[in-house]
Every structure is written in C-alpha cells, then in structure tokens.
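Let me begin by presenting the structure, written as structure tokens, before commenting on it.
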Protein chains: 2
Amino acid sequence: MPKTGLTSEQLKQKAIACTIERMRKFGYEKVRLSDIAKDLGVTHAALYSHFADKAALFDAVTEKWLLDVDEKLAAHCDPSKNPLECITNWCVELHKAKREKVQFDPELYRAFNFCAQIDKPFVQHHISTMRLQLKELVERALAQKLIRGDAQEIVEQILDATTSFHHPSLVVYFIEQDREPALRKLLQVLFRGLK
Amino acid sequence: MPKTGLTSEQLKQKAIACTIERMRKFGYEKVRLSDIAKDLGVTHAALYSHFADKAALFDAVTEKWLLDVDEKLAAHCDPSKNPLECITNWCVELHKAKREKVQFDPELYRAFNFCAQIDKPFVQHHISTMRLQLKELVERALAQKLIRGDAQEIVEQILDATTSFHHPSLVVYFIEQDREPALRKLLQVLFRGLK
DNA sequence: TATCTTACAAAACTTGCCATTTGTAAGATA
DNA sequence: TATCTTACAAATGGCAAGTTTTGTAAGATA
C-alpha cells in the first residue's frame with residue numbers, strides 16, 4: 001500500500017537512478033539523502049523504509065554495476081566456441097569494463113572504489129561468479145586438451161597474471177595506453193606455457 | 001666550513017636517519033622539522049641549507065630505500081648462473097622486499113607510498129634500473145636459447161604478469177598469504193610459454 | 001500493515017580562530 | 001663562502017561553535 005504510487009521495488013530503482021545521476025554530476029561525497037528524497041517527492045526518512053541506511057543505497061548502485069559486468073562476461077562463455085578464445089575475450093572484456101568505467105564515468109568509478117569493499121556479500125557474489133565463469137572455460141579447455149594442469153590453479157594463475165589489466169589502481173595508472181594487444185599476447189604466452 | 005662538526009653529507013645522512021626513526025615511531029604526518037633539528041643540535045632553519053624543503057627530506061628517505069632494493073635485486077644478476085633462475089629469484093626478491101616493508105615497517109611504508117610519485121627523478125631511476133637489470137637477464141636467457149622472442153617485450157610481459165606480486169596495493173591486500181610458491185609457478189608457466 | 005510524515009537525537013561536516021609548523025631573508029660565524 | 005641563527009611571514013593543523021545531514025521513534029494514512 002504505497003503512498004507514492006510506486007511499488008517498493010520501483011521506488012528503489014528510482015532512488016538508485018537518482019543517486020547515480022547525482023554521483024555523476026557532483027561526486028559521491030555530495031549526494032544527500034534529502035536531495036534524493038526530494039527528487040522522489042518524499043521526505044528523507046521515507047528512504048529508510050527501503051534502504052537500511054545510506055551505505056545500503058550506495059551499495060545498491062555498486063551491485064547494479066557489478067551485475068552488468070557479470071552479464072557482459074557471461075556473453076563470452078558460449079560453449080560452442082574455442083575455450084581459449086573465450087578466455088581471452090573474457091579477460092579483454094573485464095579489462096575493457098574497468099577501463100571504460102574509469103574513462104567515461106570517473107565520478108561513478110570513485111564511488112565504486114569507495115563502496116566496493118571485498119567483504120560485502122554482493123562483491124563476494126561477483127567474485128565467485130567470475131571465478132565460476134572462468135573455471136568453466138578452463139575446464140572446457142582442459143577437456144579439449146588445449147592446455148594441461150589443475151583447473152583451479154590455472155584460474156588463479158590467469159587472474160594473477162592479468163591483474164595489471166583489471167585491478168582498479170593499475171587500470172587508472174595505465175589509462176592513457178591501449179593495452180589490449182599486450183593483454184592478448186600475454187594470454188597467448190600463458191596458454192603456450194600451459195600446453 | 002661546518003659549525004656542527006659534520007660535513008653536509010654526514011648531516012644529511014643523520015637527518016635522514018632521524019626522520020626514519022620518527023616516521024617509525026609516530027607516523028610520517030607527525031614528523032616535525034623542529035624535532036629533527038633538535039636531534040641534530042641545530043635550528044630548523046639550518047636544515048634548509050641541506051634540503052630544499054620538507055618534501056626533499058622525505059624524498060631522500062624514499063630514495064634510500066629504493067637504492068637498497070636496487071642493490072638487493074642486483075645480487076640476483078650473477079652472470080655465471082642460469083638466467084631463468086636469476087629472473088625467478090629477482091622477481092621473488094622484489095616480491096619479498098615490498099612484502100617485508102609492509103609487514104615489518106608499516107609506518108615507513110605509508111610514508112613511502114605517500115612520497116613515491118612516479119614522476120620523481122629517483123623513482124624513475126629506480127624503475128629504469130629495474131628494467132635494465134631484468135632486460136639483461138632476459139637477453140642472457142635469449143642468448144642461451146632458454147626462451148625466444150623480443151627482449152623488451154618479454155621484460156614488459158614479466159613485469160605485467162607479476163604485478164599482483166609487487167604492486168603496493170596488491171601486496172597489502174594479500175599480506176596474510178604466502179604467495180611465493182604461486183609466483184614461482186607462474187614464472188615457470190611463463191618461461192614454458194616463451195620457449 | 002507497509003509506507004510515509006513529523007519530531008527529535010546523534011553524527012558528520014563547516015567555519016572561524018588561535019597555535020604550531022614551514023619556509024624566507026638578512027645577517028653572524030667559522 | 002658555506003653553514004648557521006634570529007626574526008619574521010606564510011601555510012598548515014587543531015579545536016570549539018554552530019550548522020547540516022543522517023538515523024530513529026512514534027504515530028498518521030492509504
């Protein structure tokens with residue numbers, strides 16, 4: 001029985017959208033609950049019926065972006081294609097996702113780094129989803145004898161070796177350069193080494 | 001013609017030592033020039049005859065540590081030994097150097113991260129020294145046909161692939177774990193891939 | 001009964017002032 | 001003449017006031 005004409009879920013989504021807009025415009029430090037509430041036509045206290053606290057609202061923004069990334073990555077897990085190519089494209093996609101966020105949405109990206117603490121459940125979910133996706137690709141490559149070794153160990157090696165292409169601090173540091181070719185070459189060397 | 005009985009260089013070194021001691025004890029934010037000066041038995045203004053400003057004193061501390069690291073790494077460049085083993089030990093040494101700094105000297109490490117901007121000449125010097133050392137090892141490995149490819153490209157690949165083992169943010173993140181075995185295995189895979 | 005408002009308490013963030021620290025200049029000393 | 005001191009100016013840091021923002025509780029409304 002809402003008073004706003006919106007369901008709880010709709011209001012949540014609208015609140016998230018408003019938050020993103022204000023983060024983009026003014027930076028996340030300047031996002032005020034009263035402003036968000038004003039945009040939605042309610043008082044700030046009403047937001048507490050939908051979000052536990054301000055952090056939960058920010059978390060929702062981050063979660064949304066992480067789910068987007070998971071989806072983008074999932075598109076490269078097509079079982080009909082060559083697994084090694086899939087892994088390469090998967091890593092390149094991850095690299096690009098982080099890169100584009102930094103480049104085209106720097107304010108949102110700062111918010112993301114501020115919020116995305118490793119211990120939060122939705123971050124854990126994102127990480128384990130990524131590991132699962134990558135592990136499946138690796139297992140497929142192992143099944144087709146394209147590489148050899150222990151699946152889990154190889155997953156960690158790929159993630160470790162490509163850290164400089166997807167870790168936030170490093171993506172920022174190299175933001176000027178087009179490092180996609182270097183990433184592709186590095187993966188080729190890795191795959192050769194795992195054969 | 002010093003009034004302190006010390007040469008400029010000696011006083012500089014003493015100032016650096018006092019700075020390190022105070023950084024360790026109280027954190028770098030609380031290092032006061034007047035305290036350093038008191039330790040040396042001069043007024044704070046006297047320090048400006050030896051250091052351009054406070055930042056220059058802090059830089060000298062960082063430079064000292066980087067030169068130490070360069071020296072440690074140089075010890076693994078012995079031409080009589082197997083180049084691939086040297087590269088492995090070199091990378092492990094780099095990993096350990098960063099790790100130990102974080103673990104046993106966290107205050108000094110914070111100071112280091114505060115000071116070590118990439119654009120400072122002594123940081124540039126450190127980086128180019130490291131690249132030179134590694135390039136020589138790679139060239140030796142190429143000469144002995146242990147691996148194949150372009151020396152400079154391989155240097156960058158090794159540094160990229162091992163970023164997660166020596167980049168400050170990541171070293172901190174994994175500080176609990178003993179990742180030396182993982183680093184060694186990763187390098188083995190890389191070397192196989194470069195054969 | 002979930003969602004909202006009003007009213008209020010707690011926490012975090014400004015603002016302005018004073019104390020400390022950093023940096024400079026002019027001159028003393030070895 | 002390089003190094004140092006004294007004296008001073010500029011910048012920074014810390015604290016206490018008031019203000020804004022966040023979070024809570026009690027009750028209204030659909």
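Scope of the values below: all heavy atoms of this structure, side chains included, with no hydrogens, waters or symmetry mates. Just so it is clear: chains get the letters A, B, ... in the order the sequence lines come, proteins before strands, and each one is counted from 1.
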Rounding to a whole Å, what distance do you find between Asp35(A):CG and dC13(C):C1'?
15 Å

Take atom NZ of Lys38(B) and atom P of dT21(C), then tell me their distance rounded to the nearest Å.
9 Å

Between dG23(D), dT22(C), dA25(C), spot the one nearest the side chain of His44(A), thanks.
dG23(D)

Within the 3.5 Å criterion, strictly below it, is a donor on His50(A) or Ser8(A) matched to an acceptor on the partner's side chain?
yes

What does dG27(D) pair with, Watson-Crick or G-U, if both distances are under 3.5 Å?
dC4(C)

Does the plane of the ring in His167(B) sit parallel, tilted or perpendicular to the ring in His167(A)? Use 30° and 60° as the thresholds.
tilted

Which nucleotide, in any strand shown, forms a Watson-Crick or G-U wobble pair with dG14(D), with both distances under 3.5 Å?
dC17(C)

Which nucleotide in the list dC4(D), dT22(C), dT5(D) gets nearest to the side chain of Ser49(B)?
dC4(D)

Nearest-angstrom distance from the residue atom OH of Tyr48(B) to C1' of dA10(D):
11 Å

Out of dT22(D), dT3(C), dT22(C), whichever nucleotide has its closest atom nearest the side chain of Leu33(B):
dT22(C)

Can you tell me which nucleotide in dC4(C), dC4(D), dT6(D) comes closest to the side chain of His50(B)?
dC4(D)

Between dC4(C), dG23(C), dT5(D), which one does the side chain of Ala45(B) approach most closely?
dT5(D)

Could you state the atom-to-atom distance from NZ of Lys12(B) to C1' of dA2(D) in whole Å?
13 Å

Does the side chain of Ile118(B) reach to within under 4.5 Å of the side chain of Tyr173(A), using non-hydrogen atoms?
yes

Whole-Å distance between dT5(D) C1' and Leu40(B) CG?
15 Å

Is the distance from OP1 or OP2 of dT3(C) to the nearest side-chain N or O of Ser8(A) less than 4.0 Å?
yes

Look at Thr43(A) and dC4(C) and indicate whether a side-chain polar atom (N or O) is within less than 4.0 Å of OP1 or OP2.
no

Decide, yes or no, whether a salt bridge links Asp39(B) with Arg22(B) under the criterion of side-chain N to carboxylate O below 4.0 Å.
yes

Calculate the interatomic distance between Lys54(A) atom NZ and dG23(D) atom P; express it in whole Å.
7 Å

Donor-acceptor contact below 3.5 Å, side chain Glu29(B) vs main chain Phe26(B)
no

What is the base-pairing partner of dA12(C), counting Watson-Crick and G-U wobble geometry with both distances under 3.5 Å?
dT19(D)

Starting at the 5' end of DNA chain C, which residue's closest nucleotide do you reach first, Ala52(B) or Gly41(A)?
Gly41(A)

Between Lys30(B) and Leu47(B), which has a closest nucleotide on DNA chain D that is more 5'?
Leu47(B)

Measure from CZ on Phe51(B) to C1' on dT3(D) and round the result to the nearest Å.
14 Å

Arg32(A) atom CZ is separated from dG23(D) atom P, nearest whole Å, by 12 Å

